[in-house]
2 protein chains.
Amino acid sequence: MENLRELFQVMTRRFGFLNKNCCSTGGYDISLVQSHILYEIDKQHKPSMQQIAETLGTDITTFSRQVQSLIKMNLVKKTPDPDDKRVSILSLTTEGVYIAESIDQQMNEYLNEVFSHMNEFERETVIRSIKLLNESMAKSSKCCNPLE
Amino acid sequence: MENLRELFQVMTRRFGFLNKNCCSTGGYDISLVQSHILYEIDKQHKPSMQQIAETLGTDITTFSRQVQSLIKMNLVKKTPDPDDKRVSILSLTTEGVYIAESIDQQMNEYLNEVFSHMNEFERETVIRSIKLLNESMAKSSKCCNPLE
DNA sequence: ATCTAATACTTGCAAATTACAAGTAAAAAA
DNA sequence: TTTTTTACTTGTAATTTGCAAGTATTAGAT
């Protein structure tokens with residue numbers, strides 16, 4: 001059995017580089033963390049602060065401030081939950097949606113370029129593998145969860 | 001064609017969590033960045049500061065300071081290059097090697113646990129896929145390199 | 001051989017990011 | 001109704017980051 005860690009160390013580092021570049025699309029200068037926040041707000045249905053913070057494994061106080069700056073940039077909106085006045089529902093503004101989509105597009109472009117170095121069979125195998133990996137990490141009790 | 005980005009977003013986030021936990025082995029409290037530095041110093045042959053900083057895509061000034069703190073922790077050693085007095089050669093101390101190995105072991109343990117949710121065939125497929133992915137990213141001109 | 005330019009690194013800032021502690025306000029439980 | 005819990009915000013302080021500017025050494029140009 002070879003050294004698994006080696007493989008994953010290289011992979012995650014490379015993806016780190018990819019993510020770094022991705023985010024300054026559309027004139028805005030978005031940090032990596034912020035791009036993850038935009039992504040999750042877009043993905044989840046009427047999410048609260050807590051929900052997103054937990055998904056991303058970010059401390060809620062840090063998250064609170066990150067959201068504040070996204071609001072200042074006019075990318076995110078906070079709406080009080082009518083059923084529970086403690087809760088703030090997060091959503092993207094029109095600009096937020098635009099930025100989120102720009103980043104998404106940019107990322108997919110990069111990824112497609114990476115996959116262009118493979119043939120159709122390899123491509124499908126790799127995609128299936130990533131899915132499998134995600135499922136296995138989700139099952140794992142020891143790691144990969146934002147627990148603490 | 002499905003949304004590639006979705007897949008990778010989830011994967012990298014999960015690996016982020018994994019990496020976060022990994023590093024506080026052996027009594028020392030090592031940050032993620034520092035663990036990457038230890039890893040690369042161990043891997044490369046008599047590397048200079050520049051070399052490691054470039055591999056990791058870190059700004060050299062930031063890197064300089066990170067190395068300073070690793071030296072203070074007695075995990076890393078700097079030796080002046082006899083052929084070029086500007087250059088510092090980095091190496092791990094005995095403790096550094098120990099810590100690097102602890103982290104490596106810990107990571108492999110986590111990864112093995114993740115892979116334990118797959119059968120032998122799946123496992124091999126996934127590993128082969130990651131390799132392929134790494135190669136493709138290396139080939140890519142557009143992304144995944146520490147360029148700026 | 002000497003002067004200039006490039007390289008390898010270090011320090012001075014200042015900005016951004018982080019998390020713990022302590023706070024407010026609202027809802028749920030006792 | 002009182003107490004506890006939950007959702008979130010702010011104070012503060014530590015850490016991390018990178019640009020600008022510095023030193024020292026080597027390589028290149030004349």
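Chain letters run A, B, ... following the sequence lines, proteins first and then strands; every chain starts at 1.
A straight line from CG of D84(B) to P of dT26(D) spans 5 Å, rounded to a whole angstrom. Atom P of nucleotide dA7(D) and atom CD1 of I89(A) are separated by 12 Å, given to the nearest angstrom. Straight-line distance from the NZ atom of K85(A) to the C1' atom of dT9(D): 19 Å, rounded to whole Å. One can place CG of D59(A) at 12 Å from C1' of dT9(D), the figure rounded to the nearest angstrom. The NE2-P distance, from H36(A) to dT17(C), rounds to 14 Å in whole Å. Residue F63(B) contributes atom CZ, which lies 17 Å from atom P of dC19(D) at whole-angstrom precision. Separating the CD atom of Q66(A) from the C1' atom of dT10(D) is a distance of 16 Å, rounded to the nearest angstrom. Atom CD1 in I60(A) sits about 16 Å away from atom C1' in dT17(C), given to the nearest Å.
The stretch residues 68-78 of chain B comes close to DNA chain C through Q68(B), K78(B), each having a heavy atom under 4.0 Å from the strand.
Within a 6.0 Å sphere centred on NZ of K78(B), heavy atoms belonging to other residues, nucleotides or ligands number more than 12. Around CD of E95(A), the count of heavy atoms belonging to other residues, nucleotides or ligands within 6.0 Å exceeds 12.
Where S64(B) and T62(A) each meet DNA chain C at their nearest nucleotide, the meeting point lying more 5' is that of S64(B).
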Every protein N/O lying under 3.5 Å from an N/O of nucleotides 3-7 of chain C:
{"unit_1": "dT7(C)", "atom_1": "O2", "unit_2": "R86(B)", "atom_2": "NH1", "d": "2.9"}

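Under 3.5 Å, the side chain of T61(A) and the base of dC20(C) form at least one donor-acceptor pair of N or O atoms.
In this structure, F17(A) and M137(B) have side chains that are not in contact, with every pair of non-hydrogen atoms separated by 4.5 Å or more.
Side chain of R65(A), nearest nucleotide from dT10(C), dG11(D), dC8(D): dG11(D).
Of the possible donor and acceptor atoms, none in the side chain of D81(B) sits under 3.5 Å from a partner among the backbone N and O of I89(B).
Just one residue in the list V97(B), V33(B), L70(B) forms a side-chain contact (heavy atoms from CB on, under 4.5 Å) with L38(B), and that residue is L70(B).
Each end of the helix from dA1(C)-dT30(D) to dA30(C)-dT1(D) gets its own rotation axis from five pairs of C1' atoms, and the angle between them is 20° to the nearest 10 degrees.
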